[in-house]
Amino acid sequence: MAKLLLETLKGNPSNSVPFWFMRQAGRYLPEYREVRATVPSFMEFCYDPAKATEVTLQPIKRYGMDGAILFADILVVPDGLGQKVWFETGFGPKLEPVVTDEAYNRLSLDGFHDKVCNVYETVRRLRCALPEDVTLLGFAGAPWTVATYMIGGQGSKDHAPARQLGYGNPQLFAKILDILVEATAQYLCAQIEAGADVVQIFDSWSAALPEPMFDAWVIEPTKAIVEKVRSKHKETPIIGFPRLAGAMLKRYVEETGVTGVSLDTGVPLAWAAEEIQPHVCVQGNLDPHLVVAGGDAMVQETLRILEALKGGAHIFNLGHGFVPETPPENVALLSETIKNFRR
Ligand code: CP3
């Protein structure tokens, strides 16, 4: 059976627009919270193939998305490299910061796959469990976004610690990006070998970098990952998500070589249709806060997006992930609106 999402990404769109949502498995779903409550540590949850498989499938069962995204986290990669990573309830991720050569030297690719292999097992289980027409998406964080956490030790305003290390100690900073490029490429290849149809690279914090840094810290590492993955898996589409990249989005698409690009909420759609969509499949870009509000406002904006992007390859998605306060019934209305649309 054909996979609508995969075919659309490969440049063969049909009358229906495929859809999935960032953070479609998450705290807005009561059945997610129930499984989540059985594991005290979030990282342990990510490494539990039975539970990670179960929560990946939950939104598909409820809403019938065309794509299922592997349940894990972008911070699995630094954890696999040997950095200490944990999540504090009500706070978010915490890591032992890598800001010295000594800390960098403790990172290693040697034990990487052994540490993260349960994620590959989740992918294998999903491959068997998913309906044939549902596309399975693997993912990883992009080196820059992951580095903001590795260097800052937590989420940070303006990613000041990572920027300052990038400027103040460019040698150490480059080594951190390099090991992330290698680990991430291997990690994505292993997900593809385990059964992922597509992979997405999340660069959530690529906003407002000066142009030379956007080139060196966002485009170059992503391009290197795309080349490494393509050299082993030529046919597998790769979606990039340089969130809030603004006018840099066009060069990101041209220079990284991604197959598709996820549009954040701020991207003007007429511009995207003209400048981006002729080159790659676009994915986006409903404001997740509209799904909290729901109703006619959400439906009208959904239709505006579908209309604006109907001239080329489009996968419907959000401009960023669902927030925990999203009412599940609004996701049902959103899903029906997309399913009923014909180009
Ligand atoms: O459904 C899906 O989207 C798949 C799973 C997924 C998660 N995180 C699960 C998760 C994916 C693709 C991610 C990616 C991720 N993780 C990103 C990039 C995308 C984005 O949102 O910008 C980033 C920056 C992270 C790092 C991260 N993980 C943070 C900052 C936090 C804490 C903040 C928050 O939203 O709670 C997480 C935790 C996390 N990852 C949760 C989920 C469902 C919530 C924690 C929980 O359930 O206890």
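Every heavy atom of this structure was used, including side-chain atoms; hydrogens, water molecules and symmetry mates were not. We're numbering straight along the sequence, starting at 1. Order of appearance sets the numbers: ligands from 1, and atoms from 1 within every ligand.
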Test salt bridge (Lys or Arg N to Asp or Glu O under 4.0 Å) on Glu31 and Lys61; report intermediate values, then the result. CA-CA 11 Å; Glu31 60 268 36; Lys61 288 182 182 150; over 6 Å; no
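- Ile60 and Leu4 fall into different hydrophobic clusters, where Ile, Leu, Val, Met, Phe, Trp and Tyr side chains are chained together by heavy-atom contacts under 4.5 Å.
- By the salt bridge (Lys or Arg N to Asp or Glu O under 4.0 Å) test, Glu44 pairs with no residue at all, sequence neighbours left out.
- Protein neighbours of ligand 1 below 4.0 Å, counting non-hydrogen atoms: Met22, Arg23, Gln24, Ala25, Arg27, Tyr32, Arg36, Phe42, Ile69, Leu70, Phe71, Ala72, Asp73, Ile74, Phe87, Pro93, Phe139, Tyr149, Phe202, Ser204, His320.
- Criterion: ILVMFWY side-chain heavy atoms under 4.5 Å apart, direct or through other members. Under it, Val261 and Trp271 are part of a common hydrophobic cluster.
- Heavy atoms from other residues, nucleotides or ligands lying under 6.0 Å from CD of Glu132 number 12 at most.
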Between His113 and Tyr187, does the side-chain hydrogen bond (donor to acceptor under 3.5 Å, both in side chains) criterion hold? Intermediate values first, please. CA-CA 8 Å; His113 295 290; Tyr187 181 60; over 6 Å; no
